[in-house]
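Report on the structure given below.
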Amino acid sequence: MEEGWEPLEIGKGELLRAGEDVLLVAYGSMVYPAMQVAEILKEHGLSAAVINARFAKPLDTALIFPLAKQIGRVVTLEEGCLMGGFGSAVLEALQEADILVPVLRLGVPDVLVEHATPEESKADLGLTPPQMAKTIMQKFGVAQPTVVTGS
Amino acid sequence: MHLSELTHPNQLHGLSIAQLSQIAAQIRDKHLETVAATGGHLGPGLGVVELTLALYQTLDLDKDRVVWDVGHQAYPHKMLTGRYNNFHTLRQKGGIAGYLNRRESPFDHFGAGHASTSISAALGMAIARDLKGEKFKVVAIIGDGALTGGMALEAINHAGHLPHTNLMVVLNDNEMSISPNVGAIPRYLNKIRLSPQVQFIADNLEEQFKHIPFLGENLTPEMQRIKEGMKRLAVPKVGAVFEELGFTYVGPVDGHNLQELITTFQHAHTIPGPVLVHVVTVKGKGYAIAEKDQVGYHAQNPFDLVTGKAKPSSKPKPPSYSKVFGETLTKLAENDPRIVGITAAMATGTGLDILQKRVPNQYIDVGIAEQHAVTMAAGMATQGMRPVAAIYSTFLQRAYDQIVHDVCIQNLPVFFCMDRAGIVGADGPTHQGMYDIAYLRCLPNMVLMAPKDEAELQRMIVTGINYTDGPIALRYPRGNGYGVA
């Protein structure tokens, strides 16, 4: 890693993938899985935009708000507790700006996560990309196939 | 009797030293075999095999209460409390947990995954016992590493003021936390270990106290009492500090000599009030390779028992986030003398060992003392330094008021780097890095960021170092990146 020593602008995320049907806003370790989710959704005819938020605070509202308004369906993805977490930050910001679009928050619910491999825990919590893709399709009432496969 | 026939620890009662030694050997075999196959904590458990057996021979675990600090030294306890036959499932989904867990066994009287909590919990049990008019023994077993955590000292300070509350604290002294211990208390313990048993405290006692900076000020009135208290002349120099804190000190005892341990525990149970039994153990005892490399064998991935080498994984992996963090911070520190990396006894885990090797002057290990680490970082920030507190997400929880009161309220530029953020795996609920976004997001002045991969991690470290408007926190997961360079 000899390159990549430029600092990032505080509070600036990046749009990794454009899309029209659903906006995925992912934080940290959930960004790559969000890209996989977008691929799976594409196979099912859903076009997903993906934002790498980079900052949970301050949020890049200049990037998120217009896309949320335009697309009208938002999904947040984080590897952490949902209560008070990244998805909450996005919800609060949207609510304060009166952008009242449906939001699905994916992350760890209000339960203890017991010892297991991280992969096993994620599968239990419905946080693998195929599981998340399925949840998204269910939430937004999109015609869903019986089996959702990974990419 | 074979270990596999033990379903209740009270079955140890009445066993001869020879029988206990056999069981000790069986515990070690199972311990090594299991950790070699599944990974897990190795050194801590191997060091307390005799301690556990001897202690349990003197306790009635249907009534008496035992609190193991951290819990990863409690594998022998698990094998003696009905979990031998399932022990091969250690740290696997649905299997035996790597730490103590009240939901797993009625003999796990108090759960723990973080250090330094045992004496407080045990004291609470002892006070409850007395309030309810019940009678049973309460024992806390704490390592010398965990004794560098302030909470343990707070509990000792409190227990010492309760001369009528019976409480036994067993100090499992192996001179290590995960890395060699730092600071004055371990140095003092070291001195204690080397002292002849019958050396009297008369000489330069005041000097001894001055070497303990945390305690020094509070002890001045106590010093008078020592000079008056001739009875303490019979106490080896060793226990002077604990005695002055109100404990009866017993030891040091050879932690691998069953007979000596049993006799000592039996005696110590008869002493009223708070008692400290100082047991000297060797981490990794009985597995020569682990005895030699006590840092490396604190906890292990699966390995080959004969060579001690980790089993090679099938394909080369991209660098871990910790390694990228260590390398990046070290490179930046080499060019910026204001950068100081701070760890709370996790040099290898955080990757800060790289900084320690290459820029030792800009590296600080404070011991298991996250609260102190954070406020010390805040102090450094007031002087224009760039303190980087490299603390796992789960352990940073321990320094919450320091983050609020010392860092955020004063808007000081401390850079928090939280490794193991998110789901951590085999360590379970005590170690999940689940809450940091929520607990930091609500604090004024705090900036929060998280990278999508290891290349972005590097840029975020640069970002955090450059950002001097206030506190900033970076979270990244356990394990390897994506191979993007």
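Chain letters run A, B, ... following the sequence lines, proteins first and then strands; every chain starts at 1.
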Does a salt bridge link [X] with [Y], judged by any charged N lying under 4.0 Å from a carboxylate O?
{"X": "A:E92", "Y": "B:R441", "answer": "yes"}
{"X": "A:D124", "Y": "B:K93", "answer": "yes"}
{"X": "B:K323", "Y": "B:D353", "answer": "no"}

So which part of [X] gets closer than 4.5 Å to some heavy atom of chain A, the side chain, the backbone, both or neither?
{"X": "B:Q432", "answer": "side chain"}
{"X": "B:L90", "answer": "neither"}
{"X": "B:R475", "answer": "side chain"}
{"X": "B:Y99", "answer": "neither"}
{"X": "B:L457", "answer": "neither"}
{"X": "B:Y435", "answer": "both"}
{"X": "B:N101", "answer": "side chain"}
{"X": "B:P477", "answer": "side chain"}

Between [options], which residue shows the highest count of heavy-atom pairs closer than 4.5 Å to chain A?
{"options": "B:V462, B:I437, B:L448, B:T463", "value": "B:L448"}
{"options": "B:L440, B:D469, B:V424, B:D453", "value": "B:D453"}
{"options": "B:Y482, B:Y467, B:Y476", "value": "B:Y482"}
{"options": "B:G428, B:P429, B:G479", "value": "B:P429"}

At a 4.5 Å cut-off on heavy atoms, which part of [X] comes close to chain B: side chain, backbone, both, or neither?
{"X": "A:L59", "value": "neither"}
{"X": "A:E78", "value": "side chain"}
{"X": "A:S29", "value": "both"}
{"X": "A:V108", "value": "side chain"}
{"X": "A:L125", "value": "side chain"}
{"X": "A:L112", "value": "side chain"}

Q: Specify the closest pair of heavy atoms between A:M132 and A:L127, including all atoms of both residues, with the distance to one decimal.
A: CE-O, 3.3 Å
Q. Which pair of non-hydrogen atoms, one from B:R420 and one from B:S322, has the smallest distance, and what is that distance?
A. NH1-OG, 3.1 Å
Q: Establish, yes or no, whether a centroid distance under 6.0 Å links the rings of B:F395 and B:H431.
A: yes
Is there side-chain contact between [X] and [Y], with at least one heavy-atom pair below 4.5 Å?
{"X": "B:I461", "Y": "B:F325", "answer": "yes"}
{"X": "A:D60", "Y": "A:F65", "answer": "no"}
{"X": "A:V75", "Y": "A:R105", "answer": "no"}

Q. Does a donor on one side chain sit under 3.5 Å from an acceptor on the other, for B:N480 and B:E454?
A. no
Q.
For a quick check under 3.5 Å, do A:E20 and A:S47 share a side-chain donor-acceptor pair by atom type?
A. no
Q: Could you have a look at A:E114, A:R54, A:M83, A:E120 and say which one has the most heavy-atom pairs with chain B under 4.5 angstrom?
A: A:R54
Q: Begin with the C-alpha distance, continue with both residues' side-chain angles, and end with the deciding distance and a verdict on side-chain hydrogen bond (donor to acceptor under 3.5 Å, both in side chains) for B:H72 and B:D427.
A: CA-CA 10 Å; B:H72 62 227; B:D427 279 325; over 6 Å; no
